[in-house]
Peer 1: 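First, the structure itself, so that you have it in front of you.
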Amino acid sequence: MAPNAKAALIALVGFAAFATHDVLVKTLGAQFSSVQIVFFNVLFAFPLVTLTLIRDPAAGTLRPAHPWWVALRTGAAVVTALCAFYAFSTIQLAQVYAILFASPLLITLLAIPILGEPVRLRRWAAVIVGLTGVMIVLQPGSTTLTLGHGAALIAAIGSAFASVISRRIGRDERSVVLVLYPMLANFAIMGALLPQVHVAMPLESLALNALLSALGFAGAMLMVLAYKTGEAVVVAPMQYSQILWATVFGALFFDEFPDTPTLVGAGIVIASGLYIVLRESGSTASRLRPVLRSRTRVFTGALPRLSPPDKGPRFHRRREAGDPLSKPHG
């Protein structure tokens, strides 16, 4: 099998794992607060992430090189995890994905002030069209918008913000810092809030939480492998396969059937995102490529699904040393 075809297949499996992860979030969300789900998700993920991070032989401390940027990114990751989990718990899977798919479009916008990324007319047009697709999904004025819709939109913004910050500071920050700080923040904040919302979890629910963490971790590792195997321009569009899983899983397990505006809006958002990805893969694209390098989802309480650090001397040293969270760019 050709490398790009193999990479695409691995990515499809990885995003299927993410979609299954989100089904479990919705299942648990019917009984438990999102705060409680995120807390236990992080708790069960710590051993998995620790086993991965101890393979990092790079010398250094856990002190961030850019503390304020790391703090902002950590805050964005905490808000994103909580909002995404709440959105999956309260509204249709397909609607959540349709809104979250706007994240690459928002990355393009946020890259202007944070990365100094120029955005030309065609990409502006793609962003505007894509955001119009989000409005079609939301149907303001003709449908009842809930806190779940607002949470999904906040999660998309937070995911984009965290991804763009990671692109800014990725040359200097160790992978262990980028992974552990959001996890520790989620654990501390959700733990502090937990007494207010805690409901005793039976053994089967704890097992589902453990499986939730394992699926998030497996999906993240599969995406690392996919980007090592093939080109980013081939792997990145595979994220949109999640809308198919959402439609199937929603119908099978939750009696959810996406309406026409959701499907039309999702199609517009996906088309806009694909256009931006393909434009950025061209030889005339900016060297930053903020969308292509924001490769996986950020919203999870366990392992931030984050783009790898930017290419730079520290990145190459970590990569040569076998850092499992660093990988070549497409």
Side-chain angles (χ1 to χ4, degrees), residues 18 21-22 25-26 28-29 32-43 45-46 49 64 66-91 93 95-111 113-114 131 134 138 145-170 173 177-197 209 212-213 216 220 290 294-307:
F18 285 152
H21 168 282
D22 300 331
V25 171
K26 190 173 186 67
L28 289 167
F32 307 103
S33 165
S34 298
V35 170
Q36 187 168 345
I37 300 171
V38 172
F39 175 82
F40 281 101
N41 192 20
V42 172
L43 182 65
F46 266 122
V49 176
H66 303 278
W68 290 110
W69 283 115
V70 170
L72 284 173
R73 179 181 164 277
T74 298
V78 170
V79 171
T80 299
L82 185 60
C83 288
F85 276 41
Y86 180 79
F88 278 116
S89 300
T90 55
I91 64 176
L93 290 171
Q95 288 190 338
V96 180
Y97 281 126
I99 296 170
L100 292 175
F101 284 161
S103 186
L105 309 175
L106 298 171
I107 288 171
T108 299
L109 295 179
L110 290 172
I114 296 177
L131 295 180
V134 174
L138 294 176
L145 297 181
T146 67
L147 287 176
H149 294 93
L153 190 57
I154 293 173
I157 296 171
S159 175
F161 189 59
S163 294
V164 173
I165 290 177
S166 75
R167 296 293 306 120
R168 180 181 176 90
I169 65 177
E173 297 293 352
V177 170
L178 297 178
V179 170
L180 283 185
Y181 272 63
M183 287 189 68
L184 291 172
N186 267 314
F187 184 78
I189 294 172
M190 302 307 160
L193 297 174
L194 187 60
Q196 309 299 320
V197 299
N209 250 305
L212 188 69
S213 299
S294 299
R295 295 171 171 178
T296 55
R297 303 187 308 178
V298 180
F299 52 90
T300 177
L303 178 65
R305 302 166 192 175
L306 206 53
S307 58

Peer 1: Roughly how far, to the nearest 0.5 Å, is the CG atom of L72 from the CZ atom of F161?
Peer 2: 5.0 Å
Peer 1: Is there side-chain contact between T90 and L147, with at least one heavy-atom pair below 4.5 Å?
Peer 2: no
Peer 1: From L43 CG over to N186 CG, what is the distance, rounded to the nearest 0.5 angstrom?
Peer 2: 12.5 Å
Peer 1: Ignoring hydrogens, what is the shortest heavy-atom contact between T74 and P182? Give both atom names and the distance.
Peer 2: CG2-CA, 3.8 Å
Peer 1: With rounding to the nearest 0.5 Å, note down the distance linking CD1 in I91 to NE2 in H149.
Peer 2: 4.5 Å
Peer 1: Hey, are the side chains of F85 and L212 touching, using non-hydrogen atoms and a 4.5 Å cut-off?
Peer 2: yes
Peer 1: Could you state the interatomic distance from CD (Q36) to CG (L193), rounded to the nearest 0.5 Å?
Peer 2: 12.0 Å
Peer 1: Is there a side-chain contact between L178 and I169 in this structure, where contact means two heavy atoms from C-beta onward sitting under 4.5 Å apart?
Peer 2: yes
Peer 1: Search all heavy atoms of S163 against all heavy atoms of I107 and return the closest pair with its distance.
Peer 2: CB-CD1, 4.0 Å
Peer 1: At their closest point, which heavy atom of F40 faces which heavy atom of S213, and how far apart are they?
Peer 2: O-OG, 4.2 Å
Peer 1: Is the shortest side-chain heavy-atom distance between I165 and L110 below 4.5 Å?
Peer 2: no
Peer 1: Does F187 have any ring pair (Phe, Tyr, Trp, His ring centres under 6.0 Å) partners at least two apart in sequence or in another chain, and if so, which?
Peer 2: F39, F46
Peer 1: Quick one: NZ on K26 to CD1 on I37, what's the gap to the nearest 0.5 Å?
Peer 2: 11.0 Å
Peer 1: Mind listing the closest non-hydrogen atom pair of A151 and C83 along with its distance?
Peer 2: O-CB, 3.3 Å
Peer 1: If every non-hydrogen atom of L145 is compared with every non-hydrogen atom of L138, which pair is closest and at what distance?
Peer 2: CD2-O, 3.0 Å
Peer 1: Using every non-hydrogen atom in the two residues, find where V70 and P64 come nearest and quote the distance to one decimal.
Peer 2: CG2-CB, 3.6 Å
Peer 1: Just wondering, do L100 and D22 contact through their side chains at under 4.5 Å, heavy atoms?
Peer 2: no
Peer 1: Set out, in order, the CA-CA distance, both residues' side-chain angles and the distance that settles side-chain contact (heavy atoms from CB on, under 4.5 Å) for V164 and R168, then state yes or no.
Peer 2: CA-CA 6 Å; V164 173; R168 180 181 176 90; 5.9 Å; no
Peer 1: Is there a donor-acceptor pair under 3.5 Å between the side chain of S159 and the backbone N or O of A156?
Peer 2: no
Peer 1: Among side-chain atoms of E173 and H66, is any donor-acceptor pair under 3.5 angstrom?
Peer 2: no
Peer 1: Carefully, step by step, assess V78 and M190 under the rule side-chain contact (heavy atoms from CB on, under 4.5 Å).
Peer 2: CA-CA 9 Å; V78 170; M190 302 307 160; 3.9 Å; yes
Peer 1: Please check if the side chain of R73 supplies one atom and the backbone of S166 the other of a donor-acceptor pair under 3.5 Å.
Peer 2: no
